[in-house]
Amino acid sequence: MRCLVTGGAGFLGSHLCERLLNDGHEVLCLDNYFTGRLQNVSHLRDNRNFELIRHDVTEPILLEVDRIFNLACPASPVHYQFNPVKTIKTSVMGAINMLGLAKRVHARILQASTSEVYGDPAVHPQKEDYWGNVNPIGIRSCYDEGKRVAETLFMDYHRQNKVDIRIVRIFNTYGPRMLMNDGRVVSNFIVQALKGEDLTIYGDGNQTRSFCYVDDMVEAFVRMMDQDEIIGPVNVGNPGEFTMLELAQTVLELTNSKSRIVYQPLPGDDPKMRRPDISLAKKALGWEPKVNLFDGLQKTIEYFKTVV
Ligand code: NAD
Ligand code: UDP
């Protein structure tokens, strides 16, 4: 198959490109390098099945491909709030352009949606049939609402134009190649611990998240794309749930760091809890995460030791 990965030079995209090449596919890696880096994929450039395209998904493009993995969009709150208008354009116009391409060349297309479609959830854990609790006018809305509109576009292109879609709702995922200045909690805590700086907990640290290791997530993408039974949306994530205080303490233990924990103000609309119900993914994809937080953090710490 010839696979297009938008956002292919980013954290998840680069791991996906690597996996698809290992599975024997041709890979077109498309990116505008906003949060992605050439060095994330530089080890793939000698592979004759790998091709790089510098392009912005807010502009149309015509390519002959069999499959599209639409990952282009900054994922860290710090980066997606840097230029919120651009973020929503990336999600919405990017979805329109990629769905138009899929329609034209009859490609199967997967959307990297997010647990943020549930907002600050009033139902816990979150199941796919929960419609969410999203502020339409807050600082996270450019991302949350952009991703919600993208899901709507995917469903409408499917119903109206018979485009062969797949939607995965990704819960917090971490691992090697996250940016040092990414701003997300796992990379922040690890980098701070390795540098001996204070670990910055926002709020009281009792908010929860569920963290999935990148290899498990890539496996879920591949399984979702390879099956013909369901189009989604399907929750993909690790159901282990931790407070940010527990995460900070675990990172301090694993890095043997003498850093202190400090408390900073909680950003607006920060979800209080998040945990995926993954029954659908288990049943339909035969998938569940294999890497626990302890092991995944160790691998991620080893990576950051090489770059900090
Ligand atoms: P990332 O920021 O590392 O990757 C995003 C990539 O998209 C980058 O390479 C960036 O340069 C590229 N990009 C951004 N805007 C673009 C544009 N207009 N045109 C072309 N390329 C553009 O983030 P990630 O963690 O790898 O996330 C990948 C996808 O998965 C995103 O769509 C994100 O919303 C989704 N997701 C990730 C998580 C997570 O925890 N990692 C959770 C939920 C959803
Ligand atoms: N967070 C934190 N310290 C940091 C960065 C983030 O306490 O240095 C908190 C943040 O407020 C949120 C959680 O960690 O409650 C996860 O944040 P992240 O930005 O990783 O992802 P998201 O909020 O999108 O799930």
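Every heavy atom of this structure was used, including side-chain atoms; hydrogens, water molecules and symmetry mates were not. Throughout, numbering of the chain's residues begins at 1 and tracks the sequence.
The closest donor-acceptor contact from the side chain of Glu246 to the backbone of Met244 lies at 3.5 Å or more, if one exists at all. A distance-only check finds a donor-acceptor pair linking the side chain of Gln227 to the backbone of Glu229 [under 3.5 Å]. For the pair Asn133 (side chain) and Ala122 (backbone), a donor-acceptor distance under 3.5 Å is absent. The closest donor-acceptor contact from the side chain of Asn97 to the backbone of Val57 lies under 3.5 Å. At distances below 3.5 Å, not a single donor-acceptor pair connects side-chain atoms of Glu64 with backbone N or O atoms of Val105. Proximity of a side-chain donor or acceptor of Lys103 to a complementary backbone N or O of Met98 within less than 3.5 Å is not detected. In this structure a side-chain-to-backbone donor-acceptor pair under 3.5 Å is present from Asn47 to Asn49. Side chain of Asp277 to backbone of Gln126: no donor-acceptor contact under 3.5 angstrom is found.
In this structure, Asp216 does not pair ionically with Lys290, as no charged nitrogen and carboxylate oxygen lie closer than 4.0 Å. Using a 4.0 Å cut-off between a side-chain N of Lys or Arg and a carboxylate O of Asp or Glu, Glu116 and Arg169 do not qualify as a salt bridge. Under a 4.0 Å N-O distance rule, the pair Asp56/Lys89 does not qualify as a salt bridge. Arg148 has a carboxylate O that lies under 4.0 Å from a charged side-chain N of Glu145, or vice versa, which qualifies the two as a salt bridge. Under a 4.0 Å N-O distance rule, the pair Asp226/Arg166 does not qualify as a salt bridge. A salt bridge links Arg223 and Glu219; the closest N-O separation between the charged side-chain nitrogens and carboxylate oxygens is under 4.0 Å.
Classified by interplanar angle (parallel below 30°, tilted 30° to 60°, perpendicular above 60°), the ring pair Tyr118/Tyr130 is parallel.
There is a side-chain donor-acceptor pair under 3.5 Å between Thr200 and Gln192. For the residue pair Glu241/Ser210, the side-chain donor-acceptor check at 3.5 Å is not satisfied. For the residue pair Thr243 and Asn206, no side-chain donor N or O sits within less than 3.5 Å of a side-chain acceptor on the partner.
The ring of Phe221 has its center no closer than 6.0 angstrom to the ring center of Phe69.
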Worked check of salt bridge (Lys or Arg N to Asp or Glu O under 4.0 Å) between Arg177 and Glu18: CA-CA 13 Å; Arg177 297 196 201 129; Glu18 199 172 294; 2.7 Å; yes
Throw together a table of side-chain donor-acceptor distances under 3.5 angstrom for residues 266-273, partners on residues two or more places apart or in other chains.
from, atom 1, to, atom 2, distance (Å)
Asp269, OD2, Asn135, ND2, 2.9
Asp270, OD1, Arg209, NH2, 3.1
Lys272, NZ, Asp120, OD2, 2.6

Table please: side-chain donor-acceptor pairs of residues 71-81 below 3.5 Å, with sequence neighbours left out.
from, atom 1, to, atom 2, distance (Å)
Ser76, OG, Val78, N, 3.2
Ser76, OG, Asp182, O, 2.4
Gln81, NE2, Ile139, O, 3.4

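With contacts defined as side-chain heavy-atom distances shorter than 4.5 Å, the pair Ile190/Val186 qualifies. In this structure, the side chains of Leu293 and Phe242 come closer than 4.5 Å at one or more pairs of heavy atoms.
The salt bridge (Lys or Arg N to Asp or Glu O under 4.0 Å) search around Arg108 returns Asp164, Asp228, not counting sequence neighbours.
Between Asn40 and the choices Pro176, Cys17, Ser14, the side chain to side chain contact (heavy atoms under 4.5 Å, CB included) rule is met once, by Ser14.
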